[in-house]
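Structure record follows, encoded as structure tokens.
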Amino acid sequence: MSTMPHRVFIVWAHRDRRWSAQKQARYRAAVLAFAHTLDRVEGIEVEIDLFHSEDRTIDFTRWGPDRVSWADTVIMISSVPLWDRWSGRNPANEGAGSVRECDALHGLFDTDQAAFQRKVLIVVLPDGMDAPVPADLSRIQRRPVNDPHATLVLRWLLNKPRYPRGTGKTRVDLPPIPEAPFPGMPSRRADHLAAERARRQQPLPVSDRQRSSSGSAEAPEVSIEPITAGIVAATVVPLASGAADEAGKQAWASLSAFVRDRFGRESEPGAAVQALADQPHSPAVGEVLGRLLEDAAASDDHTAAWLRSWLEHAGPMVG
């Protein structure tokens, strides 16, 4: 079963008033060699005006635009004179044939931009004749001819990618991860908050329930708040900045002394206490101290008990 060949039409500029006769001949030879390279490949049929230069039956005023319609791919050979013709900057008495072909491509673009992009390929020959591509052709792919077989151009024409997609597929089993009780929180802090939540859900001892039900004024209050960085920061920043008057200063001094005695002045919590003393109005510094104390409470029951008692005492001072 035979298949239709891929039809290629080559658009190029024959001459330039700025070229010498030798340069013009060398360029024509390079274009012709490129056309022969493609035309020798099975599955490709090439048309270029050089193949018909002595054919008396051809009307070249119509032949080029007709070949633009006929072709599956139109190759534009990059050069200064061709881009002059594309952009309408060429002298009025020069390059009429390639101007007609460029006009046919302009018409295709006006009719169907997607078809224009699929159809046109810019090719750069290796003879130094290349030139900057006009901005209105920046969407068009381009390929250099950097070997005798024009391999990159052939890959494009025959749809043979250099890096094909793999054919094998692997089944990957990715079961869902159970949602943590505190998404996005470090595990140690999340475990601490979960323990605090469980603590709050435990019933009071019988003796405490009896005192509570009797309405005694001395019945102990049960903390319902976990020790979190946010709660600590919301308490320490106002106290450090002196917002709670003398009682607040004493509460802040009490916390500072506890932290330094418990962890040391050179420890991270000790340094955070000093930083907040130096910048008492900084919520960011308060958050740093809050996170350090939250982590300490999560790993040390004594620290947790002291901070819980301190927060119950100091919290009402800052509302």
Side-chain angles (χ1 to χ4, degrees), residues 6-41 44-109 116 119-138 140-154 156-157:
H6 189 93
R7 297 173 298 191
V8 177
F9 178 51
I10 298 176
V11 174
W12 67 297
H14 289 223
R15 61 183 61 86
D16 188 311
R17 64 192 182 284
R18 295 157 289 195
W19 288 356
S20 66
Q22 293 81 4
K23 185 174 184 179
Q24 180 176 310
R26 188 173 69 251
Y27 181 62
R28 182 174 59 249
V31 172
L32 183 58
F34 170 69
H36 281 144
T37 297
L38 298 186
D39 199 44
R40 283 193 291 265
V41 175
I44 294 178
E45 180 181 354
V46 175
E47 279 284 28
I48 187 172
D49 55 2
L50 291 173
F51 288 173
H52 306 279
S53 57
E54 278 74 41
D55 190 339
R56 298 182 181 181
T57 64
I58 291 180
D59 177 0
F60 281 104
T61 64
R62 296 181 175 85
W63 181 84
D66 177 70
R67 294 295 89 181
V68 169
S69 300
W70 163 87
D72 299 305
T73 296
V74 174
I75 289 179
M76 303 182 78
I77 305 294
S78 180
S79 68
V80 171
L82 182 62
W83 301 140
D84 284 348
R85 289 149 173 73
W86 170 265
S87 303
R89 296 191 302 265
N90 60 296
N93 60 348
E94 185 178 275
S98 52
V99 169
R100 293 190 193 95
E101 293 155 7
C102 288
D103 285 347
L105 289 171
H106 279 294
L108 174 60
F109 179 85
F116 174 83
K119 187 165 195 166
V120 179
L121 175 67
I122 295 172
V123 168
V124 180
L125 295 183
D127 62 353
M129 297 288 188
D130 187 24
V133 176
D136 56 354
L137 285 172
S138 58
I140 301 303
Q141 293 193 43
R142 61 201 73 175
R143 292 293 184 273
V145 177
N146 51 16
D147 68 82
H149 304 291
T151 303
L152 295 179
V153 177
L154 288 176
W156 194 91
L157 294 174

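None of the values given here were measured: they were computed from a predicted structure.
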Worksheet item: Once you round to the nearest 0.5 Å, how far does CG of Leu38 lie from CG of Leu157?
Response: 6.0 Å

Worksheet item: Tell me, do Ile75 and Phe34 make a side-chain contact under 4.5 Å, heavy atoms counted?
Response: yes

Item to complete: Quick one: list whatever passes ring pair (Phe, Tyr, Trp, His ring centres under 6.0 Å) with Phe9, sequence neighbours left out.
Response: Trp63

Practice prompt. For Asp72, enumerate each residue passing the salt bridge (charged side-chain N to carboxylate O under 4.0 Å, His left out) test, keeping only those at least two apart in sequence or located in another chain.
Written response: Arg7

Worksheet item: Do Ile140 and Met76 pass the side chain to side chain contact (heavy atoms under 4.5 Å, CB included) test, and can you show the C-alpha distance, the side-chain angles, and the key distance before you say yes or no?
Response: CA-CA 10 Å; Ile140 301 303; Met76 303 182 78; over 6 Å; no

Discussion item. Walk me through whether Leu82 and Cys102 qualify under side chain to side chain contact (heavy atoms under 4.5 Å, CB included).
Written reply: CA-CA 9 Å; Leu82 182 62; Cys102 288; 4.1 Å; yes

Worksheet item: How would you list, by chain and number, every residue that makes a side-chain hydrogen bond (donor to acceptor under 3.5 Å, both in side chains) with Arg142, sequence neighbours excluded?
Response: none

Item to complete: Not counting sequence neighbours, which residues clear salt bridge (charged side-chain N to carboxylate O under 4.0 Å, His left out) with Asp55? List them please.
Response: none

Item to complete: Calculate, to the nearest 0.5 Å, the distance between atoms CD and CH2 belonging to Glu45 and Trp70 respectively.
Response: 4.5 Å

Counting only pairs under 3.5 Å, give me each side-chain donor-acceptor contact of residues 85-93, with atom names and distances, residues two or more places apart or in other chains.
unit_1 : atom_1 : unit_2 : atom_2 : d
Arg85  : NE     : Ser98  : OG     : 3.0
Arg85  : NH1    : Pro81  : O      : 3.0
Arg85  : NH2    : Arg15  : O      : 3.1
Trp86  : NE1    : Asp136 : OD1    : 3.1
Trp86  : NE1    : Asp136 : OD2    : 3.2
Ser87  : OG     : Trp83  : O      : 3.1
Ser87  : OG     : Arg89  : NH1    : 3.3
Arg89  : NE     : Asp84  : OD1    : 3.4
Arg89  : NH2    : Asp84  : OD1    : 3.2
Asn90  : ND2    : Glu94  : O      : 2.8

Worksheet, complete the sentence: By ring pair (Phe, Tyr, Trp, His ring centres under 6.0 Å), His14 pairs with (sequence neighbours left out) Trp12

Worksheet item: Of Val123, Thr37, Asn146, which is the lone residue that meets side chain to side chain contact (heavy atoms under 4.5 Å, CB included) with Val153?
Response: Val123

Worksheet item: Residues two or more places apart in sequence or in another chain: which of them pass salt bridge (charged side-chain N to carboxylate O under 4.0 Å, His left out) with Arg67?
Response: Glu47

Worksheet, complete the sentence: Distance col, row Ile122:CD1 vs Ile77:CD1, nearest 0.5 angstrom, shows 10.5 Å

Discussion item. Checking His149 now: which residues fulfil ring pair (Phe, Tyr, Trp, His ring centres under 6.0 Å) with it, not counting sequence neighbours?
Written reply: none

Worksheet item: Can you find a heavy atom in the side chain of Leu121 that is under 4.5 Å from one in the side chain of Gln141?
Response: yes

Discussion item. If I compare all heavy atoms of Asp49 with all of Phe60, which pair ends up nearest, and what's the gap?
Written reply: CB-CE2, 4.1 Å

All N/O donor-acceptor pairs, side-chain side in residues 25-33, below 3.5 Å, sequence neighbours left out:
none

Worksheet entry | Set of side-chain hydrogen bond (donor to acceptor under 3.5 Å, both in side chains) partners for Asp147, sequence neighbours left out | Thr151

Item to complete: Using the salt bridge (charged side-chain N to carboxylate O under 4.0 Å, His left out) rule, collect all pairs that involve residues 99-109, keeping only residues at least two apart or in two chains.
Response: none

Worksheet entry | Rounded distance [0.5 Å steps], CZ in Arg143 versus CG in Leu154 | 12.0 Å

Discussion item. Just verifying a value: how many Å separate Thr61 OG1 and Asp66 CG, rounded to the nearest 0.5 Å?
Written reply: 11.0 Å

Discussion item. Pair Phe116, His106 - check ring pair (Phe, Tyr, Trp, His ring centres under 6.0 Å), show working.
Written reply: CA-CA 9 Å; Phe116 174 83; His106 279 294; 7.9 Å; no

Discussion item. Suppose we screen for side chain to side chain contact (heavy atoms under 4.5 Å, CB included). Which residues come up paired with Ser53, at least two apart in sequence or across chains?
Written reply: none

Item to complete: Output yes when a side-chain donor or acceptor of Lys23 lies under 3.5 Å from a complementary backbone atom of Arg18, and no otherwise.
Response: no

Item to complete: Can you establish whether the number of heavy atoms outside Arg62 located under 6.0 Å from its atom CZ is more than 12?
Response: no

